[in-house]
A.B. asks: 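One structure is given below, represented as structure tokens, and several questions about it will come after.
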Amino acid sequence: MHGKLYFKRIEMADGKEHKSALNVMEGIEQPSQINEEAIRKLKSRKHKPLSVGDFVKGIREGNRTILSKAITLIESSLHTHQDKAQEIIAECLKSSRQSAVGSQQTAVRGPQSNGSIRIGITGVPGVGKSTFIEALGRYLTAHGHRLAVLAIDPSSSRSKGSILGDKTRMEELANDPNAFIRPSPSAGSLGGVARKTRETIILCEAAGFDVILVETVGVGQSETAVHSMVDFFLLLLLAGAGDELQGIKRGIIEMADAIFINKADGDNIAKANLAKAEYFNALHLFPPPESGWIPIVETCSAQTREGIPHVWETICDFCTFTSAKGFFIRRRMEQNLQVLFDAIDESIKSSFYSRKDIAHQLKKMETDVIAGKISPYSAAKELLEKYFSGK
Ligand code: GDP
């Protein structure tokens with residue numbers, strides 16, 4: 001019901017009374033259109049932080065908002081966030097461990113089984129990584145897979161832009177309900193960023209993403225870090241970019257399970273085929289990898305999407321091959337051991353630096369070391385003795 005319009009008699013300057021319709025007289029008080037109780041509930045929900053149980057449940061249900069929030073906790077430097085993140089990861093690992101054991105019993109583990117596949121993708125800027133990930137990603141989601149794309153980009157804290165941060169990249173994939181794209185954590189050392197990415201992989205797998213792509217720029221140390229957290233390592237290269245083996249480090253070529261020469265389209269096809277032959281010969285100079293898998297060299301075009309299905313076939317072949325030999329699981333176990341050691345290192349460090357008395361003494365020691373009053377080794381020894389004695 002609305003307030004009623006009344007004519008009001010208004011006394012004007014001439015002393016006469018005039019009728020005016022410009023006034024709304026007080027009508028009947030309106031009932032509120034808003035459900036106050038619902039607002040109260042919403043507000044309390046907004047301010048109530050999610051519990052570890054809420055996070056784990058949301059992640060297992062594939063709730064992307066909750067997954068993103070949990071990843072933000074992983075990336076946070078606050079101790080309370082870190083503690084909570086660790087609890088969530090531990091819970092999520094319980095479910096992924098069950099699937100790992102289950103798949104161990106199956107002869108073939110790979111994209112066809114219930115397990116996940118972790119793929120590292122590298123290549124110099126401009127080689128076409130994001131175009132390639134978009135093409136492969138769309139192919140995979142069209143074939144019923146759920147895909148998470150993560151990135152390791154330790155340079156991003158310097159350049160202030162993360163490699164997946166640019167919204168114009170992977171537009172199709174970004175709008176695909178079966179894909180989840182998370183930019184690189186923007187700050188921290190390579191070790192720190194790598195740990196966060198490893199933990200993010202665990203959460204994404206718990207959320208039901210069965211293909212995890214980790215992208216890195218093929219120019220530095222981050223390839224080794226990515227290689228240590230994936231099952232399959234794919235290198236993208238360009239044809240005719242001067243001396244074929246220049247620009248990309250020998251070590252990176254050695255790590256590759258597959259090399260794809262991208263941009264094999266138009267006038268570039270012949271050059272790409274030539275490069276394919278050259279890289280194939282170059283690979284033979286390296287000792288065979290531990291898995292026994294002979295790395296393949298192929299051409300593709302991320303733009304025309306020619307050869308993209310073959311990329312996936314190669315990955316499936318790799319999984320079948322390495323699973324049959326037990327290498328797939330063994331490698332994951334070894335990676336888990338690495339995570340164990342990294343976690344110990346990280347916790348000791350964080351516990352050490354967060355102790356107030358240590359921080360206080362460290363400050364003093366810094367001055368003494370700079371002044372040459374004490375050697376850095378003696379200072380470190382003294383501080384560590386204080387820490388481990390618990391006094
Ligand atoms: P990134 O820096 O490695 O992520 O490379 P981008 O995916 O941003 O690609 C760099 C440029 O190469 C863009 O202009 C793309 O359109 C182009 N590009 C990527 N893949 C192909 C391809 O397969 N063929 C051709 N002709 N161009 C491509």
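Position 1 is the first residue of the sequence, and the numbers go up from there. Order of appearance sets the numbers: ligands from 1, and atoms from 1 within every ligand. Keep in mind it's a predicted model, so treat the numbers as computed, not measured. Both backbone and side-chain heavy atoms feed into the values below; hydrogens, waters and symmetry mates do not.
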A.B. asks: Kindly tell me which protein residues have any non-hydrogen atom under 4.0 angstrom away from an atom of ligand 1, grouped by chain and ordered by number?
C.D. replies: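 Residues within 4.0 Å of ligand 1: V124, P125, G126, V127, G128, K129, S130, T131, R169, N262, K263, D265, S301, A302, Q303.
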A.B. asks: So if I apply the salt bridge (charged side-chain N to carboxylate O under 4.0 Å, His left out) rule between E75 and each of K196, K69, R182, which one comes out positive?
C.D. replies: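 So, applying the salt bridge (charged side-chain N to carboxylate O under 4.0 Å, His left out) to E75 and each of K196, K69, R182, only R182 qualifies.
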A.B. asks: Please report the shortest heavy-atom distance between T216 and S222, naming the atom on each side.
C.D. replies: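 Scanning both residues completely, I find the closest heavy atoms to be OG1-OG, 2.7 Å.
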A.B. asks: Do the side-chain N and O atoms of D317 and T314 include a donor-acceptor pair separated by under 3.5 angstrom?
C.D. replies: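 No, because no side-chain N or O of D317 sits under 3.5 Å from a partner of the opposite role on T314.
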A.B. asks: Salt bridge or not for R331 and E290, using N-O below 4.0 Å?
C.D. replies: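 Not counted as a salt bridge, because no side-chain N and carboxylate O are separated by less than 4.0 Å.
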A.B. asks: Quick one: do the T141 and D176 side chains pair a donor with an acceptor below 3.5 Å?
C.D. replies: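 There is such a pair between these side chains.
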A.B. asks: List, by chain and number, the other hydrophobic cluster members for I344, where Ile, Leu, Val, Met, Phe, Trp and Tyr join if side-chain heavy atoms come within less than 4.5 Å, directly or indirectly.
C.D. replies: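 Once heavy-atom contacts under 4.5 Å are chained together, I344 belongs with L337, L340, I348.
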